[in-house]
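One structure is given here, and the rest of the page talks about it.
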Amino acid sequence: MPYVLGIDIASTRTTAATCVNTGDGWGVPEPSWLGARGPAAASAVFLDDDGYLLTGDAAVEAGRSAPARLLTGFHERVGDDVPVIVGGERFPAESLSAVLVDAAVDQAAERFGEKPQHIVLTHPVGWGSFRRELLRRALAEAGFPRAALVAAPIAALHAYLAPQGDVTAGVCEFGPDGAVVTIAAAGVNGWQPVKTVEGVEPGEAVGKVFELAHGAGIPPQALAGIVLCGDAPPVPGRTPCPVFASSDPVLTVATGAANIAARRDLPQPGGPASNAVATVETTLLPRVDVPGELTERPERPPVDITPFPLPERTGAAKLLSRRKPLVAGAAIVVLAATTLLLTLTTREATADKGPEAPPTTSSSCAPGTPGVTSSPEGRC
């Protein structure tokens with residue numbers, strides 16, 4: 001039975017949904033059971049002692065006894081310079097994300113007896129072309145060269161709202177680090193993100209949508225709706241526009257991704273509304289059979305550093321800067337004093353041995369007094 005698969009890899013959990021073609025068209029998306037106790041599974045990978053990778057809830061369970069081998073939070077690290085290291089092995093973050101995709105595909109294939117016809121995978125809305133290209137290549141190496149990438153809030157909108165007409169809608173994605181609020185506009189290329197704000201307090205997320213819409217010159221009542229997904233709080237009592245939240249908002253993004261994947265197989269009569277989904281996919285990720293060269297990482301702007309003279313030291317700091325010269329001078333004084341003391345001590349020891357004959361050198365000094373011993377230097 002032909003079907004398509006939508007996958008959402010969030011920071012803490014992975015969800016998936018399928019759409020089945022019954023012959024009369026594509027059915028309603030249904031969740032694909034990935035977890036041990038529910039449709040959602042942990043976004044985690046565990047490397048065991050034999051080098052095998054466990055995914056999802058099984059990885060978390062194995063990580064209780066060996067937490068150093070448990071990998072989480074890697075999907076957000078796609079594009080980082082530093083790879084994920086565990087057990088002495090290096091793993092690019094995008095390759096670990098591809099492992100989760102492969103596990104979700106295997107779960108669906110076990111249920112339907114075959115692999116999906118199409119796969120749509122979501123990614124954070126802030127990703128640029130470099131990160132998307134890295135993930136696309138990792139998916140191609142894992143055996144999914146034709147998988148499509150769509151931003152998570154765009155997929156969430158496709159769970160409820162078709163991009164028809166010149167309308168604007170909002171999305172609130174709730175996660176462990178707060179809410180990600182996005183407003184998107186519908187056009188000839190489907191839904192396109194307009195403005196995104198991260199780290200919003202969950203209780204202020206819906207109000208932030210109205211604030212962003214107001215900044216774009218759109219009154220709140222003109223919004224086509226607001227979609228809540230993730231760990232969404234209770235829906236507000238009254239809002240100026242419709243609010244969409246399912247009984248399990250965690251599955252909303254994956255459901256929208258499955259809708260996008262299913263509509264790719266529908267006959268395209270040629271209108272803007274019918275081409276909207278296909279266009280948004282090819283805009284975000286071109287489908288190619290032979291990958292081209294990977295683009296370079298975007299250059300960082302140069303940093304202009306203006307040199308400046310250091311202030312002259314004063315007070316104790318100025319004295320400390322002269323510590324070495326002062327020590328050298330003190331050493332010279334001590335050496336001279338030691339030499340003089342040794343000379344005097346030697347002369348005193350020589351004088352104690354008895355009288356010596358005066359030197360025969362001529363001198364202008366007066367003759368010595370009888371009965372008095374003269375010193376070697378004589379007396380002037």
Within the side chain of [X], is there an N or O that forms a donor-acceptor pair under 3.5 Å with the backbone of [Y]?
{"X": "Tyr3", "Y": "Glu114", "value": "yes"}
{"X": "Arg77", "Y": "Val82", "value": "yes"}
{"X": "Asp48", "Y": "Asp50", "value": "yes"}
{"X": "Glu173", "Y": "Gly230", "value": "no"}
{"X": "Asp57", "Y": "Ala36", "value": "yes"}
{"X": "Ser95", "Y": "Phe91", "value": "no"}
{"X": "Arg131", "Y": "Val78", "value": "yes"}
{"X": "Trp191", "Y": "Leu161", "value": "yes"}
{"X": "Asn259", "Y": "His158", "value": "yes"}
{"X": "Ser43", "Y": "Ala10", "value": "yes"}

Let me confirm one number: the [atom1]-[atom2] distance from [X] to [Y], rounded to the nearest 0.5 Å.
{"X": "Lys115", "Y": "Asp106", "atom1": "NZ", "atom2": "CG", "value": "5.5 Å"}
{"X": "Leu212", "Y": "Lys195", "atom1": "CG", "atom2": "NZ", "value": "7.0 Å"}
{"X": "Trp26", "Y": "Thr18", "atom1": "CH2", "atom2": "OG1", "value": "10.0 Å"}
{"X": "Ile154", "Y": "Leu149", "atom1": "CD1", "atom2": "CG", "value": "13.5 Å"}
{"X": "Lys208", "Y": "Thr182", "atom1": "NZ", "atom2": "OG1", "value": "12.5 Å"}
{"X": "Ile119", "Y": "Leu139", "atom1": "CD1", "atom2": "CG", "value": "8.0 Å"}

Do [X] and [Y] have side-chain heavy atoms sitting under 4.5 Å apart?
{"X": "Pro163", "Y": "Leu157", "value": "no"}
{"X": "Val171", "Y": "Cys229", "value": "yes"}
{"X": "Trp127", "Y": "Leu135", "value": "yes"}
{"X": "Thr239", "Y": "Ile226", "value": "no"}
{"X": "Phe144", "Y": "Leu121", "value": "no"}
{"X": "Val180", "Y": "Thr196", "value": "yes"}
{"X": "Leu223", "Y": "Val209", "value": "yes"}
{"X": "Leu54", "Y": "Glu61", "value": "no"}

Is there a path of hydrophobic side-chain contacts, each under 4.5 Å between heavy atoms of I, L, V, M, F, W or Y residues, that connects [X] with [Y]?
{"X": "Trp33", "Y": "Ile7", "result": "no"}
{"X": "Val125", "Y": "Val197", "result": "no"}
{"X": "Val60", "Y": "Phe74", "result": "no"}
{"X": "Val200", "Y": "Val243", "result": "yes"}

Kindly give the heavy-atom pair with the smallest separation between [X] and [Y], and that separation in Å.
{"X": "Val4", "Y": "Ala258", "value": "CG2-O, 3.9 Å"}
{"X": "Phe174", "Y": "Ala232", "value": "CD1-CA, 3.5 Å"}
{"X": "Thr122", "Y": "Ile9", "value": "OG1-N, 3.8 Å"}
{"X": "Val86", "Y": "Ala68", "value": "CG2-O, 3.3 Å"}
{"X": "Pro2", "Y": "Gln117", "value": "CB-NE2, 3.0 Å"}
{"X": "Glu94", "Y": "Ala138", "value": "O-CB, 3.6 Å"}

Original post:
CD of Gln221: more than 12 outside heavy atoms within 6.0 angstrom?
Top reply: yes

